[in-house]
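Reading through the structure tokens given below for one structure.
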Amino acid sequence: MKNVKSKRGWKLTSIALGSTLMVGAMAIEVIAKDWGSHEVDGRRSGYTYMTDETRAVQDDNFENPGMLWVENGEALWSKAGANGKSCASCHADPEKDMKGVMPAYPKFDKRTGKMISLEQMVNRELVEKMGEKAEKFDSKKMLSLMTYIGNISKGMPVNVKIDGPAKPFFEKGKAFYYQRRGQLDLACSNCHEDNPGKQIRANTLSEGQINGFPTYRLKWQKPGSVHRRFRGCNKNVRAKPYKAGSDEYVNLELFVKWHGRGLPVETPAVRN
Amino acid sequence: MQMRKTTLIAGVLAVASMIGTQSAFSASHMKKYTIENDAINTSLTGKPGDAAKGRKLAVNRKKGNCLACHVISDLKDQPFHGNVGPSLDGVADRYTEGELRLRVVNPKFFHSGSIMPAFYKKSGLNRVIKKFKDKTILTAQEVEDVVAYLKTLK
């Protein structure tokens, strides 16, 4: 008995010591960590709030499970639609033609007079140019195409236009971001502007940036769209979510993307 | 310092507009309370709270979930204490029962920008999902239970 007790005592001290050392190391990390391109003027990609393990999975193209979705998107690029045409019929060199597309959406759309998200643009192409049906934002096909198009711009800085005709939509998205909602009465800013780096029970809050979307969620074993994330955060505060593709979320996406202006595209980012 | 007295009669309006529904029934049961000297000095239900129940409510993610934002050393058997708010250790030494009750009922009374939800409030909220519409996060008796638990944190 005695033996066990003293053994346990020793174990506890070593754990306590270990965690002191860890706290010391973390403090140093906070001061000295250079996040490179993942930090721009104090704005930090969600990448910098992840554990080292998750970051390692994201960084290794062979381990990053989102890369399978990129490959799937690449294969779909030249797959013929109902009318015999594929994406490749009009965009023969996607590595070139699609470069810079992801960082610039949502964009002002002259035809509808409002903002259009990249999923909506892809759907317009599928329906009007290829005779296909529109895809849901989180369908396998849409996530594959989005991940592929996003990955082509990997490393490019997020850069949406918020002036001119986009201005009123930007203002709406901004108002949404700061509006408290739900039974818990919380705005996006309460968590992602006021408390990044803090723990909210088991979760480390990040700045809620969208430069890595679609992000591959290890928990789901698949990628998720920006609007799915918005719905999740709305539901967590017990607020009625909007539909993926709603004007509200497209405007919010414009604001959140601007919020992370200059951060590099990281598609497909990996998250827990 | 300055004495404030506010009597809230939430529920009256809701009853008038939704007679016959289940939520109108619960709305009529929203307890009145009086804020005096920055505190709610009497039990919302007239009954004392149960600290053991309050302890469970503080952990329960669907109820108080106080651990989402607060460290409570008394609950160190539970993993993952958040740190968005201050530690609640010794909170009973810092505040009277009435001050604690007001902080649970509506912390925005002190600081309108607070992230902490008002646990006994149901009007003036935006786009509450149907399941939780016209409901407070905690019932009046649950507020009392949580307050009884907070009083043990010395």
Side-chain angles (χ1 to χ4, degrees), chain A residues 12 15-16 19 22-23 26-27 30 49 51 172-208 219 230-243 246-249 251-252 272, chain B residues 10 23 26-27 30 58-73 75-76 78-88 104-109 111-139 142:
Chain A
L12 276 178
I15 290 170
S19 58
M22 252 177 66
V23 170
M26 268 160 66
V30 170
Y49 294 92
T51 61
K172 281 184 195 165
K174 183 175 177 181
F176 191 112
Y177 191 84
Y178 291 104
Q179 166 76 61
R180 286 178 183 263
R181 62 191 71 234
Q183 193 195 36
L184 303 192
D185 205 19
L186 293 170
C188 314
S189 56
N190 288 132
C191 288
H192 295 298
E193 246 184 32
D194 303 342
N195 289 294
K198 295 263 178 75
Q199 285 296 121
I200 194 148
R201 211 144 180 180
N203 291 301
T204 307
L205 286 169
S206 74
E207 295 165 25
K219 191 171 107 185
F230 290 169
R231 285 175 62 82
C233 281
N234 274 175
K235 285 192 227 163
N236 284 341
V237 300
R238 301 181 174 177
K240 197 169 169 231
Y242 290 86
K243 290 203 166 67
S246 60
D247 292 347
E248 285 82 1
Y249 280 174
N251 296 339
L252 178 63
N272 301 324
Chain B
S23 49
S26 59
M30 184 88 188
V59 175
N60 188 335
R61 285 179 164 76
K62 298 208 155 74
K63 282 292 185 174
N65 198 12
C66 314
L67 284 184
C69 298
H70 294 285
V71 169
I72 306 177
S73 299
L75 289 166
K76 58 179 176 292
Q78 297 290 327
F80 308 126
H81 296 206
N83 60 4
V84 168
S87 160
L88 294 185
V104 177
V105 165
N106 184 12
K108 275 128 182 147
F109 176 83
H111 167 207
S112 64
S114 177
I115 189 174
M116 181 167 153
F119 286 88
Y120 198 69
K121 172 183 169 171
K122 62 182 176 184
S123 53
L125 299 170
N126 179 23
R127 269 186 89 82
V128 178
I129 210 163
K130 204 168 162 201
K131 189 174 160 201
F132 296 106
K133 204 155 167 60
D134 294 316
K135 292 192 177 102
T136 56
I137 304 174
L138 296 176
T139 65
E142 285 169 343

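Chain naming here is simple, since letters A, B, ... match the order of the sequence lines and numbering starts at 1 in each.
Here the shortest heavy-atom pairing between B:Val128 and A:Gln183 reads CG2-N, 3.7 Å. Heavy atoms only, all atoms of each residue included: A:Arg238 and B:Lys62 are closest at NH2-O, 3.1 Å. The shortest non-hydrogen separation linking A:Leu184 to B:Pro117 is O-CB, 3.8 Å.
Taking NE2 of B:His81 as the start and CD of A:Gln199 as the end, the distance is 11.5 Å to the nearest 0.5 Å. In this structure, B:Asn65 CG and A:Arg201 CZ are separated by 5.0 Å, a value rounded to the nearest 0.5 Å.
Contacts of B:Lys130 with chain A are absent, with no heavy-atom separation under 4.5 Å from either backbone or side chain. Proximity to chain B is limited to the side chain of A:Leu186, based on heavy atoms less than 4.5 angstrom apart. Looking at B:Lys131, neither its backbone nor its side chain comes within 4.5 Å of chain A, counting heavy atoms on both sides. Contact annotation for A:Asn190: both backbone and side-chain heavy atoms come within less than 4.5 Å of a heavy atom of chain B.
Remark: A:Lys198 NZ is packed, more than 12 non-hydrogen atoms of other residues, nucleotides or ligands lying under 6.0 Å away.
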Go through the steps to decide whether A:Asn195 and B:Ile115 satisfy the test side chain to side chain contact (heavy atoms under 4.5 Å, CB included), and finish with yes or no. CA-CA 10 Å; A:Asn195 289 294; B:Ile115 189 174; 3.5 Å; yes
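The main-chain N or O of A:Ala239 is never found under 3.5 Å from a side-chain atom of B:Arg127 such that the two would form a donor-acceptor pair.
A:Arg180 is not listed as a side-chain neighbour of B:Asn126, based on a closest heavy-atom distance of 4.5 Å or more.
Contact tally against chain A (heavy-atom pairs below 4.5 Å) for B:Leu125, B:Asn83, B:Thr136: the top residue is B:Asn83.
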